[in-house]
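Heads up: the structure comes next, in structure tokens.
On a predicted model such as this, the values are computed, not experimentally measured, just so you know. Start at 1 and go down the list; that is how both ligands and their atoms are numbered.
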Amino acid sequence: MLQVYLVRHGETQWNAERRIQGQSDSPLTAKGEQQAWQVGERAKTLGITHVIASDLGRTRRTAEIIAQACGCDVTVDARLRELDMGVLEKRHIDSLTEAEEAWRQTLVNGTEEGRIPDGESMLELSERMHAALAACLALPQGSRPLLVSHGMALGCLVSTILGLPAWAERRLRLRNCSLSRIDYQQSPWLASGWIVEMAGDISHLDAPALDELQR
Ligand SMILES: O=C(O)[C@@H](CO)OP(=O)(O)O
């Protein structure tokens with residue numbers, strides 16, 4: 001059975017400022033670095049063999065810290081990037097006009113093809129995240145990969161494995177440096193294929209690391 005761990009990157013400057021990042025980027029805050037060290041300590045106990053990160057700076061930095069704790073290298077897979085949020089990237093979530101808020105709602109409230117202008121649909125996000133996950137099946141026997149990605153991207157992956165629509169990710173709180181696990185298994189009892197073992201676990205984070213703005 002292949003076990004794949006999933007980590008959302010540490011808190012960034014724009015997470016703290018409530019700015020929309022998408023495929024734009026901002027650096028980890030001091031708290032984000034601390035969260036990465038804490039999830040790294042947890043990862044060290046899990047037998048991780050590969051750390052695979054989206055190509056954005058916030059995930060690469062988080063992955064570097066985790067890989068150092070686990071004693072392995074980081075590889076990069078651009079398919080693990082956050083949803084492309086088009087013209088709303090870099091904007092404060094609290095400063096959207098009514099029309100802009102309507103684009104955001106189309107995206108997060110239930111149309112697979114809905115997208116922010118110049119952005120990506122949840123269906124496109126789901127397809128590339130599943131392709132990145134499927135690539136883990138080609139790793140050598142006994143591998144235990146850890147993927148470092150983003151809130152909507154990982155939420156979409158977990159939701160669709162559960163058979164929910166991609167936009168169900170809005171009902172799943174994946175905090176910065178939370179840990180999830182999905183397994184690939186053949187089972188006579190549970191479903192065969194990918195199953196969700198845990199989602200959004202934060203037991204390795206201490207109180208200051210958890211003190212974040214509501215997402
Ligand atoms: O892009 C963003 O603003 C958020 C959305 O959830 O994603 P992340 O901080 O996980 O990259």
Can you list the atoms of ligand 1 that are under 4.0 Å from a heavy atom of [X]?
X	result
Asn15	9 (O)
His9	8 (P), 9 (O), 10 (O), 11 (O)
Arg8	8 (P), 9 (O), 10 (O)
Arg58	1 (O), 11 (O)
Glu82	1 (O), 4 (C), 5 (C), 6 (O), 7 (O), 8 (P), 10 (O), 11 (O)

- Query: For ligand 1, does His150 get within less than 4.0 Å through its side chain, its backbone, both, or neither, judged by non-hydrogen atoms?
  - Reply: both
- Task: State whether a side-chain donor-acceptor pair under 3.5 Å links Ser26 with Gln21.
- Result: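 Checked: Ser26/Gln21 side chains pair up, N/O donor to acceptor below 3.5 Å.
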- Establish, from distance only, whether the side-chain atoms of Glu64 and Gln68 form a donor-acceptor pair under 3.5 Å. no
Can an N or O of [X] be found at a distance shorter than 3.5 Å from an N or O of ligand 1?
X	answer
Gln21	yes
Gly151	yes
Gly22	yes

- Item | Glu89 touching ligand 1 at heavy-atom level, < 4.0 angstrom |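 Judged by the 4.0 Å heavy-atom criterion, Glu89 does not count as contacting ligand 1.
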- Taking only residues at least two apart or on different chains, which pairs with a member in residues 179-207 satisfy ring-ring contact (aromatic ring centres under 6.0 Å, His included)?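 Sorted pair list: Tyr184-Trp194.
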- Query: Between Ser192 (side chain) and Ser187 (backbone), is there a donor-acceptor pair under 3.5 Å?
  - Reply: yes
- Task: Could you tell me whether Asp55 atom CG has more than 12 heavy atoms of other residues or ligands within 6.0 Å of it?
- Result: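 Count over threshold, so yes.
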- Message: Can you pull out every salt bridge (charged side-chain N to carboxylate O under 4.0 Å, His left out) where at least one residue sits in residues 39-54? Sequence neighbours excluded, please.
- Response: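 Those involving residues 39-54 are Glu41-Lys44, Arg42-Asp201.
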- What is the distance from atom CD of Gln34 to atom CG of Asn176, rounded to the nearest 0.5 Å?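 Spacing of CD (Gln34) from CG (Asn176) equals 12.0 Å.
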